[in-house]
Structure formats: C-alpha cells, structure tokens
Amino acid sequence: MNIWQVLEIEVTTDLSQIKRAYANKLKKCKPEIDPHGFQLLRKAYEIAQKYAAGVKVNFDMAETEPNPIQNGPDSQKEAQNQFNIANPMKVVFSLLDVLMKSELEAINLLLDLNKQGVFDNLEFAEEFQRVLVFNLLTITPGYYAFIVHAIDLFNWYEQANREPKNSFFGLALTNLFNQVRPYQFYLKLQFLSQIKNKKRAKQEQLDWYQCYAAKILLNRARPIKFFFIRNYKKKQAILKLLGEIEYNYPQLIGMGLSISSVAWWFKYKQNPDRRLLNIGLICVCLIYIVGFVGKYYENNFELVIKSPNSSLQKNAPITSGQNELLLNNIGVKQVTGDYETNPLWTERIDNKQFKSELISGLGEAGLYGGSANTRYSLKVNLDQFIKSNNATTCRVHYTLIDNHTHKVIYSEAILTTTMGQSLTNLPLKDILAMTQANIKKLAKVLTHLPEEAFA
Amino acid sequence: MIVGIDLGTTNSLIAVWDSTEVKVIPNALGRLLTPSVVSVDDKGTILVGEPVLNRMVTYPELTIANFKRFMGTNQLFKLGSYSFRAEELSALIIARLKEDAENFLGFPITEAVISVPAYFSDAQRKATKLAGKLAGLKVERLINEPTAAGIAHGLQEKMDETNYLIFDLGGGTFDVSVLTIFSGIIEVRASCGDNLLGGIDFTNILKDIFLNYLKANYKLEQSLSSSAFQNKLYEQAELAKHNLSINSETVMKINWNSEVMEFHCSNQDFENAAESLLQRLREPIKKVLYDAGLSPSQIEQVVLVGGASRMSIVKKMVSRMFGRLCLLHLDPDTVIVRGVAIQAGLKAKDKALDEIVITDVCPFSLGVAVYNDTIPGQAGILHFDPIIERNTVIPTSCARIYYPSQENQERVEIKIYQGENFSLEKNVFLGSLSVSLPKNLPDKSIEVRFTYDINGLLEVESTILATQTKNSVLIEGNPGVLTENQIAERLASLKQLKIHPREKSENLLVLSHAERLYEDLKGDERSYLGMIIKDFIKTLDSQDSQLILRKRMQVEKALAHLQTELD
C-alpha cells in the first residue's frame, strides 16, 4: 500500500493539500477508536510531509517499517555520502554520530565539510548551525575541542553579539561558550606558554609576564615554588590569570592552594602575628609532605610498569604490501616537545621514555635499524595532549628524513584518542597504551608508504 | 455522563460538558476552586477543601497540602492517627468533587476524565488513575494538562492552522506544549516540563525573603521551628505573591507573640530572588520549540495557563522570550478543567464535538538497556537505547532488533527505561522482561516492540525472530504502584473513614476562620471571640438547621467586624 492511497490523494508536494487530506481521514479513524488505522495514517502523513519538504522518501508503506539490521553501519556510510543534499538535520546527526565515537574524527569531518563548501549555502549553514548548537547543548558537557572548533569555524562569538539578546540561538550559544570556558582558558595557557622569551613576547605583542605565568600554571608549580618567585609582577600575573577562571578546572586545583597561601602571606605582612606565622608554616610543611609523598608514589609506580626494550625483533617477517626500503633501516634521531608543548607529557611520559617506546614499537614492526648507520631517520615532536570530559587525545608529529638526500619523505601528525577517561585519574599504563597505539599507527603508515614518496 | 476533573497541586476543579458548552461545577460554598488540602479533626473526622485552609495555621500537624508532588511514590503522610499515601489523599479530594457534581447534576456519576501534567511518568499516571478508582470513579482517560488547555482555547477561536505554545504553570507542576490546530484537529507537536516546579516554589522564595528580613531584624530563634509560624509566613508570602501580580509593591505583615512585623517587597526584589526558578522555566520552552521544529516566530499564540502564570514576573519573562504579549483571556484557573470536560464530552461521543480530533505525544523517550561494544571506552557498560523517541505521536508502536551479547547466552533480560540520558542511572527504570533463548539457534536476534497507548500506558513485546516465540509485559508493578490486593485493602479502609459531610462545609469554614482569628487577637476581643466560638459549637451540636443558619450569619458578621479591627 502506498502513502497516497492511505491519504486518498494524488502525489503532491502541496503541504496544505496533504494536511487537508490528513484532517479528513483523521476524523474517520480517531486515535481512541481505531489506534491501528491511526498509526498507519500518521505514518503516511509524516512521510508525505517529508516528501513535501524535499526529502527523498519511499512511498511504499510496507517497506518503511524501521529495520535496524539495515540501519547499521551501511546507512551511516550512505548518510556521509549524501552530505551535499539539502538536509542539514541529517548532516548534523551523522556528524554527531561520528562525534560520539571520536571527537577528533568529528573535528576533521567538520573541517572537511567546510572545505567541500557545504556551508556556502547560507540557508543550509544557518539551519545546520541551529540544529548543531541545540544538539550540542543536549549532549554537553563534553566534546570541548569540537565545540571550540565549531565556535571558531562559524564565528559564533560574532553571531551571538548580532542575535537579539533574547533569541534562543543566542542563548544557546552563550550557554555553549560558558561550557567551554575552562577548556578555552586551558588552550590560552598553552598558547601563552609557547612563547619562550621576552623578545618573542614583544614581537607577538604579548605580556611576557602573562606568558611566564601560563608556563608556571601549566607546569603545575607546587605551591611552595610559588613562594620562591621573588618577582612581584610575576606573582601578580599568575594571580591575574587564575582570576580569569573558577578553580574547578581539574588541572588547576593545586593552584587553588597556592593562591590561598599568597593571601595568607599578604595578611601576615600587614599584621605580623606569631599565630598566623605558625599556621602558615604548618601549611607549608603539609604541602611539602603531600608533594613528597605524591612524587614518591609516582616514581614507584613508574618503575613497575616501565616496558622493557628486550622485545626488539630485528628480523621481522616481510608481509606483502610492506615497503622493503624501510625495513630495519630507520633510526630515531630526536624526540622533542615534551616540556615545551605540554607539561602533561612530561608529567606522565617524557622524551626519553617516548623514545624507548618508539624504538620497541618500530622493532616490533621490523623497521628499527639500530642506533647508527641507518638510511632513514625519524624526528618526533610530541604535539598535544588534550583532555576533555569524555576523551583524552594525544597528537604526535613524525618526520621521516632520508639521510642521504636529506629529503623529507613523510611528515604528518598522528592522533590517538581514549574515550571515557579523565586525565586527572588516567593511570600511567593507559597513557603508555595510548602512546603505543600511536606508534603502532605510525608503523602501519610507514610500512604502507607508496613508492613515489621515496623517489 | 462523564465528568472532567482537574486534580491540581493547590486547587482542584470539576466540570461537565452539557452538549453545548462547559459547565464548571461550584462546591458547597459556591466556589469553583476546591483547595487540595486534607485535614483531620480531634474526633478523627476527615475534613476536605476550603474550610481546611485556615487549619494550615491553627493545626499544622493535622493538615496536609501539596501532596500531588508525591503521586506515584511510597511516601506516607501522617494525619493524626491515620497514615495515607498521596493517591488516597487525592481520592479524598476527588470524592468530594464527585459529591459536589452529583449534588449539582442530580444524578450519580461513575466515569471521569482526569488531567495530569504532561511530564508525569508512567507511575505517576497510574497513581492518578488509582486515585480516581479509590474515589469510586472509573477513569476513562487521562489527559495532559496543556493539551486540555489547548482544547479549551482551540474551541474558542476557529482560526485556520495556528501554532500555539501552552505555558502551563500550576501550583506544583510546570508543562509546556506546542500545539497546532487546523481544520478541527488539535495536534500536540511536543511537550516538555518540570514536575517539581510551580507556584508554591515562588511562594517559598517570597517566604525566604521575608524570613531573612525577619531574622536580620528581630529575635526569633524560638519561633523559627514552630510550624504554625512557618505556615503563617507562608500564608503571608502567598498573599504577597497575589498582590505582586497586580501591584509593583506589597507589604508582608505577621502578627506573632503580640508583635507586628512588616516587610516591604517590590516586584524587582522578587524577580531577582526568583531568577533561578525563572531560568528553570526557560529551559523546557527552548526544548519544546526545538522538538517541535518551530522557531519562536512561527508560534502565533502564546497561551498562559495555570494560576501561577498570573505572576507578573512570569508574564514578563515569557513575553520577553517571545517578544510579544501573551494570551490570557480565558481564566487560567478554569481553562484546564474546561478542556478536560470537552475531552470527556468527546469520550462520550457527544454530537456537537464530532468534528474534533486530538492527537497527543509521548513526552519522554522510552527504551531498553543495551551493551554496545562499538563505542570505544563503553565496552561492557550498559547504556540506554531509545525505541520510542520523545514527542512521538501516540498511540504508537515501534520495534528494534537486538542480539544477545554472548555466544551461548540462554536468557536475555530486557530492562525498560524512560528518560533522555545516555547513561542508565539518570533514567527511570520501568520494569523488565526476561526471555529465554532456545539452544543452538543460528540466528539469535530478538525484536523488541514497544506499544504506547493513548492513555500513556506502555506494553512491551519481544519476539525471537527465528522461532517467532513471543513474550510480552504490560509495565506494572514498578516502585510506587500498588498491587491489586493492596488496592482492595486501601479501598476498604477508605470506606471506613468518617468524612465531614459536604453540607456542613460552611459551618466548618466559619468555625475554622474564627479559630484562626482567635490566635491573632488579644485581650478583650480575644475572650469575646472565645465566647462566640463556644456558643457556635453548642449550636452546632443542637442539630437544629434553622438555628444554626441564623447563628452562623451572626458569627460571620462578628468575624468580619473583628477582622477589620485587626487590619
């Protein structure tokens, strides 16, 4: 049976005609009296409405029964292929599907869509943004990186200013901004901390003290360190940065302690009271003890699970599709970036440890050629260690160089993501597993490099 | 004839469709609103309605209000020597309404349509149905409150194709619905709400402002714990709330331990203090518009319903949100019961209403708990998978296919949940269905079908596709719902109750008012009133109706006089 037979009209895109037909039929099969007939009519009506809105539909009633087996991964692929058709809802939902699985893939997909010019159509873009924003609101908190990208891509700050103050879209945007504020603050800290010296800061027209403060904050300076910063301006800069955000951001909890200790110090200066001094000293002792115990614990823990280098397999079997040129012919030249790019790397895994992991990973894939006299060498930069509520992502940039010709053969960043863990309590072994996964990805990419790359 | 009942948190009403129009039935005191309050006197007689309001102050421990919020829970309310569930208290109210209606119509009634907040859950709906049953009524239909309001409005104006937003802020519950009305069809597009937000929360805010002021300016340590003091404060706050709906400023006044304390409160103060509540009102509005797929500009009429929507701060907020004035031309107190009565007329297949069809939605998603190993990091954790998405038109029937998670699994437990959250804990558990799988099946897929009927009751059916074996369950027996035996027990115990007769409500009202006043007065006036009360009680005992009537008039006059003295 066909929907138009149910509605008893000819095929049409005239919405008012469809509605009239529905209304007339409805009076004959009221939901109370004929529930089954009503359900059938309703389904036909909804399909007809979609058809009128320009969506491709199947007119046949029998086949419109939802069938989850066919609605599996296939339909999703289909949806991705159909991004260009004029249904922003569908695009958003496919995007959100991807987002649920991997934040980074979703970001890439969003940027790809932009490159493809999907958002060039104003009407489409507007609808897309609205649907996306309201949907993001229902799934947040979480996915901060994605939201920040979307905010940048669509210029949502500007749009929020343009929208009338009481509009839903404006309110929704404000809501989103509020949610990602801690994350953006964190990004800002990262950006500031990359400025290495005063001169550079001047070039970039930044306040050097702010950059310094960001570095200190990201390095999670123990409160005691804060005391030894003699420079008043630096202290002020740190306090100013901290003032920008509430202390509920996990990485900054430690700093909450320090700010209270500063407050205490100023109080003591104004009123040098013995009791106050004693309390302060006791606090400092406690902080010391906590810091010491924490450090001891971390060190101990690290010893247990440090992976051995003995798993090196020099003569790994050659499988088809592998590039023989690289076999046992790659050396690791340098690993950089742990401290500069993100102290979180340092805290968990430093350059040295990453290097040993890399060597064992390459060895397993049969690519490692010893510490000297290899044709190719690998440069590594530990880029980013991003943490959002639902996912932790690490990004590592690899560069493969031909030692003879000094040509760059391969230079790309590789991402790995873990879902559902927060970094503050992410155990070291999980981070190790993440880096290992990253290295495995690299090995796979390298073994399948096309011949042209070497030419 | 089927009656329509609006069972509210603060006030309840009853109405009937008399083949041309709606008649809202007045109670024994001639008023349309019957407060949803129950009390018990020292002889163990149950008192209901308006006369009991004064007892909130005079006998706070023997009086209960706002019990609608506890429908569908196992909460017990102590009332003197009795203890009641929220259903039973509601049944007492319904029974009184029924009595009023029978008196008004002159014949017994057996069937009713009762309204519930759109956002009421399955258990709460069942509890409401049970309350009707305990009161001796067959509940033919439950109807969502905003839908009822929409029906009342939709009948008023016969415009073509109009989108309404119904903003229903009652005493204790809040609902928003978007309706489209076209050629006699009232279609609910989406509903959303908050079951724990209503006028009483706003009153509490005012009470807090007042209390903070009093704490700061008077010594009140001992009085604070007294529930009579608290109830008095509440009463003043309620009064102030009503005043602020009309004026921009009001005075809250309390007479305690022969000291008169006053506080001036402006609408601006109120608005600032109630900001968090207003925020909670905004969220469902945004959600419902989104679910209906409409932008604010596509809403032609914004209708305010429910007594609490009279508050000027609420009106202001809604008109700000939509950038226009709201429709309030039907009495917000009675509009719901009017709609319910129309629905009752429809149910009775009244000819005048033949051209009207109403379609409603299911306001929340319903689904099952599933494992999904394809989501990284979620392996092994159960999560919620909706089968009926929220705001699907009902009645509806949806099915999805699932597979056992283990190779050699012999049983599958289908756990049924209601809610919107991905993780199970934040959703409401409704019940479960256990399916045993035959051994050595090549294809172990199971189809789970949810059928949601027009009264909001859910039936779940599972089919093993390979063998076509079916299993089904009607969601029952979840926490907060009584079993058949328990219901019979409750029904019997309710019949035993001595309930204060309806005809004597007026006497009771006068008496409770006098007792109330007695507390506020002092000195000579107080002892004078004491004498009047004693005399009146003596007259009541005489059972001489002529004498009682005359005496009552006298007492009323005296009370009015004393009241003006006090003010």
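Being a predicted model, the structure only gives us computed values, none of them experimental. Convention: sequence-line order gives letters A, B, ...; per-chain numbering from 1.
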- Message: For the interface with chain B, which of A/E46, A/K30, A/R42, A/H36 has the highest count of heavy-atom pairs at distances below 4.5 Å?
- Response: A/R42

- Task: State, yes or no, whether a side-chain contact exists between B/I358 and A/P31 at a heavy-atom distance under 4.5 Å.
- Result: no

- Query: Within a reach of under 6.0 Å around NZ of A/K27, are more than 12 heavy atoms found that belong to other residues, nucleotides or ligands?
  - Reply: yes

- Query: Do you know which two heavy atoms are closest between B/P395 and A/Q39, and how far apart they sit?
  - Reply: O-CG, 3.2 Å

- Whatever's closer than 4.5 Å to a heavy atom in chain A on B/S397 counts as both

- Nearest heavy-atom contact between A/Y22 and B/E187 is CE2-OE1, 3.9 Å

- So, the part of B/R141 with a heavy atom under 4.5 Å from chain A: the answer is side chain

- Message: For A/K19, I'd like to know if atom NZ has over 12 heavy atoms of other residues, nucleotides or ligands within 6.0 Å.
- Response: yes

